[in-house]
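Report on the following structure.
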Number of protein chains: 2
Amino acid sequence: MPFDQLKLKNQLCHRLYMASNSIVRAYREPLNELDITYPQYVVMMALWEEDEVTIAELVRKTAIDGGAMTQILKKMTDKWLLEIIKDDQDKRQRFVKLTPKGQSLKLKAVDIPTKIGCKFTSLDSEQTQQLIQLLDLVVIDLSE
Amino acid sequence: MPFDQLKLKNQLCHRLYMASNSIVRAYREPLNELDITYPQYVVMMALWEEDEVTIAELVRKTAIDGGAMTQILKKMTDKWLLEIIKDDQDKRQRFVKLTPKGQSLKLKAVDIPTKIGCKFTSLDSEQTQQLIQLLDLVVIDLSE
DNA sequence: TGCAAATACTTTGCATGCAAATTAATATAG
DNA sequence: CTATATTAATTTGCATGCAAAGTATTTGCA
């Protein structure tokens with residue numbers, strides 16, 4: 001009997017779909033306490049790592065769609081987490097800068113990776129690293 | 001130096017986010033030729049495996065949100081891919097049944113897994129199986 | 001038997017993800 | 001120098017993903 005490639009159980013894409021939805025769902029509750037969504041959290045992490053970057057750089061680092069990024073940054077600006085600064089040199093681009101509120105939110109966020117990590121009872125840290133490496137291969141192969 | 005858990009590069013969640021978006025994006029072009037979206041493709045695969053199932057069963061198998069499922073099935077009904085059949089025994093539930101058009105669409109879809117598979121140049125089939133197993137662990141751990 | 005709890009779906013509101021079109025500004029080739 | 005290509009962002013339209021509320025039905029238990 002041939003290996004049925006159209007079976008849902010054999011599909012990497014469906015596993016990724018389920019796993020990605022599962023993990024974003026898992027972040028929802030802790031992120032609700034910070035009053036941000038998952039993509040907004042990704043933006044915050046990028047800015048906590050390096051502040052005052054251009055929107056294009058933020059799009060590159062987070063892999064969030066540019067069109068969505070505009071909307072996300074607008075909502076985050078409304079929440080006073082960051083501000084958009086115009087560049088006099090190149091009037092096309094803008095810089096994103098954390099407000100004090102945005103910077104201090106990191107203190108509340110540091111516990112989140114641990115909270116999520118506690119849910120992984122059957123996946124150890126070595127397997128997690130292996131998983132990350134394999135996912136990197138997926139992204140690389142599909143980006144060409 | 002402590003391992004910075006808030007760094008984007010160290011986050012499994014962000015890898016899953018990128019990989020999942022990448023792969024759904026990769027399916028977009030071949031699925032455009034079938035005039036269906038990725039979640040609609042997932043529904044089709046479930047029905048090609050087993051037809052005439054309840055909506056609840058379809059939600060369980062595909063892991064698509066119930067609320068979204070209603071909308072998705074409505075769009076697919078409009079495209080004459082399937083029909084919704086009422087149950088006289090239990091008037092709460094409904095069955096989903098492929099139309100001849102929906103059944104025959106499988107012939108056009110069989111090439112898709114191969115097309116996608118060709119994009120994976122650095123990830124071999126053994127690693128793919130390993131990846132699937134690790135993703136299963138993620139889903140299991142997070143579903144409790 | 002009667003009524004509260006559970007089920008199966010649907011509806012609504014909000015936040016993306018993504019393609020495509022648009023606008024503004026800068027870079028580059030001729 | 002100037003027309004054209006490219007780059008940075010925004011806008012728009014469509015399709016989810018998800019929580020929460022709502023509607024029928026059916027179960028199950030006192």
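Convention: sequence-line order gives letters A, B, ...; per-chain numbering from 1.
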* Asked: Expressed in angstrom and rounded to an integer, what is the separation of B:Leu81 atom CG from D:dA15 atom C1'?
  -> 15 Å
* Which residues satisfy the side chain to side chain contact (heavy atoms under 4.5 Å, CB included) test with A:Thr70, sequence neighbours excluded? -> none
* Asked: Do any pairs count as a ring pair (Phe, Tyr, Trp, His ring centres under 6.0 Å) and have a residue in residues 40-68 of chain B, sequence neighbours left out, and if so which ones?
  -> B:Tyr27-B:Tyr41
* For A:Gln93, which residues count as a side chain to side chain contact (heavy atoms under 4.5 Å, CB included) partner, sequence neighbours excluded? -> A:Thr54, A:Asp87, A:Asp90, A:Phe95
Sub-3.5 Å pairs of nitrogen or oxygen atoms, protein against nucleotides 9-13 of chain C:
{"residue": "C:dC9", "atom": "OP1", "partner": "B:Arg94", "partner atom": "N", "Å": "2.6"}
{"residue": "C:dC9", "atom": "OP1", "partner": "B:Arg94", "partner atom": "O", "Å": "3.2"}
{"residue": "C:dC9", "atom": "OP2", "partner": "B:Ala56", "partner atom": "N", "Å": "2.5"}
{"residue": "C:dT10", "atom": "OP1", "partner": "B:Arg94", "partner atom": "NH1", "Å": "3.4"}
{"residue": "C:dT10", "atom": "OP2", "partner": "B:Thr70", "partner atom": "OG1", "Å": "2.7"}

* Asked: When the distance from CG of A:Asp78 to C1' of C:dC14 is rounded to whole Å, what number comes out?
  -> 14 Å
* Tell which nucleotide pairs with D:dA30, taking only Watson-Crick or G-U wobble pairs whose two distances are both under 3.5 angstrom. => C:dT1
* **Contacts of A:Phe120 that satisfy ring pair (Phe, Tyr, Trp, His ring centres under 6.0 Å) - sequence neighbours left out** => none
* **Pairs touching residues 113-124 of chain B that satisfy salt bridge (charged side-chain N to carboxylate O under 4.0 Å, His left out), sequence neighbours left out** => none
* What integer distance in Å separates B:Asp87:CG from C:dT7:C1'? -> 13 Å
Report all side-chain donor-acceptor pairs from residues 13-25 of chain A shorter than 3.5 Å, counting only partners two or more places apart or in another chain.
{"residue": "A:His14", "atom": "NE2", "partner": "B:Thr62", "partner atom": "O", "Å": "2.8"}
{"residue": "A:Arg15", "atom": "NE", "partner": "B:Asp136", "partner atom": "OD1", "Å": "2.4"}
{"residue": "A:Arg15", "atom": "NE", "partner": "B:Asp136", "partner atom": "OD2", "Å": "3.4"}
{"residue": "A:Arg15", "atom": "NH1", "partner": "A:Lys9", "partner atom": "O", "Å": "2.8"}
{"residue": "A:Arg15", "atom": "NH2", "partner": "A:Lys9", "partner atom": "O", "Å": "3.2"}
{"residue": "A:Arg15", "atom": "NH2", "partner": "B:Asp136", "partner atom": "OD2", "Å": "3.3"}
{"residue": "A:Asn21", "atom": "ND2", "partner": "A:Tyr17", "partner atom": "O", "Å": "3.4"}
{"residue": "A:Ser22", "atom": "OG", "partner": "A:Met18", "partner atom": "O", "Å": "2.8"}

* B:Lys79 NZ - D:dC14 P separation (whole Å) -> 13 Å
* Asked: Choosing from C:dG17, C:dT26, D:dT16, which nucleotide comes nearest the side chain of A:Ile72?
  -> C:dG17
* To do: If a pair satisfies salt bridge (charged side-chain N to carboxylate O under 4.0 Å, His left out) and one of its residues is in residues 52-67 of chain B, list it, with sequence neighbours excluded.
  => B:Glu50-B:Lys61, B:Glu57-B:Arg60
* Asked: Which parts of residues 44-53 of chain B get close to DNA chain C, meaning a heavy atom less than 4.0 angstrom away?
  -> none
* Of residues 15-43 of chain B, the positions that come close to DNA chain C - non-hydrogen atoms, cut-off under 4.0 Å -> B:Tyr17, B:Asn21, B:Arg25, B:Arg28
* Starting from C1' on C:dA15, measure out to CE on A:Met76 and report it in whole angstrom. => 13 Å
* Can you check whether A:Thr128 reaches B:Leu134 side chain to side chain, under 4.5 Å on heavy atoms? -> no
* Just how far, in rounded Å, is C1' of C:dA24 from NZ of A:Lys86? -> 12 Å
Identify each donor-acceptor pair in which a side-chain atom of residues 71-81 of chain B lies under 3.5 Å from a protein atom, sequence neighbours left out, and give them as a table.
{"residue": "B:Thr77", "atom": "OG1", "partner": "B:Leu73", "partner atom": "O", "Å": "2.7"}
{"residue": "B:Lys79", "atom": "NZ", "partner": "B:Asp35", "partner atom": "O", "Å": "2.8"}
{"residue": "B:Lys79", "atom": "NZ", "partner": "B:Gln40", "partner atom": "OE1", "Å": "2.8"}

* To do: Nearest whole angstrom, please: distance from the C1' of D:dT16 to the NZ of B:Lys75.
  => 8 Å
* **Partner set under side chain to side chain contact (heavy atoms under 4.5 Å, CB included) for B:Thr99, not counting sequence neighbours** => B:Lys101
* Structure fact -> In whole angstroms, the gap separating P of D:dT25 from CG of B:Asp88 amounts to 12 Å
* Structure fact -> Of all heavy-atom pairs linking B:Ala26 and A:Leu142, the shortest is CB-CD2, 4.0 Å
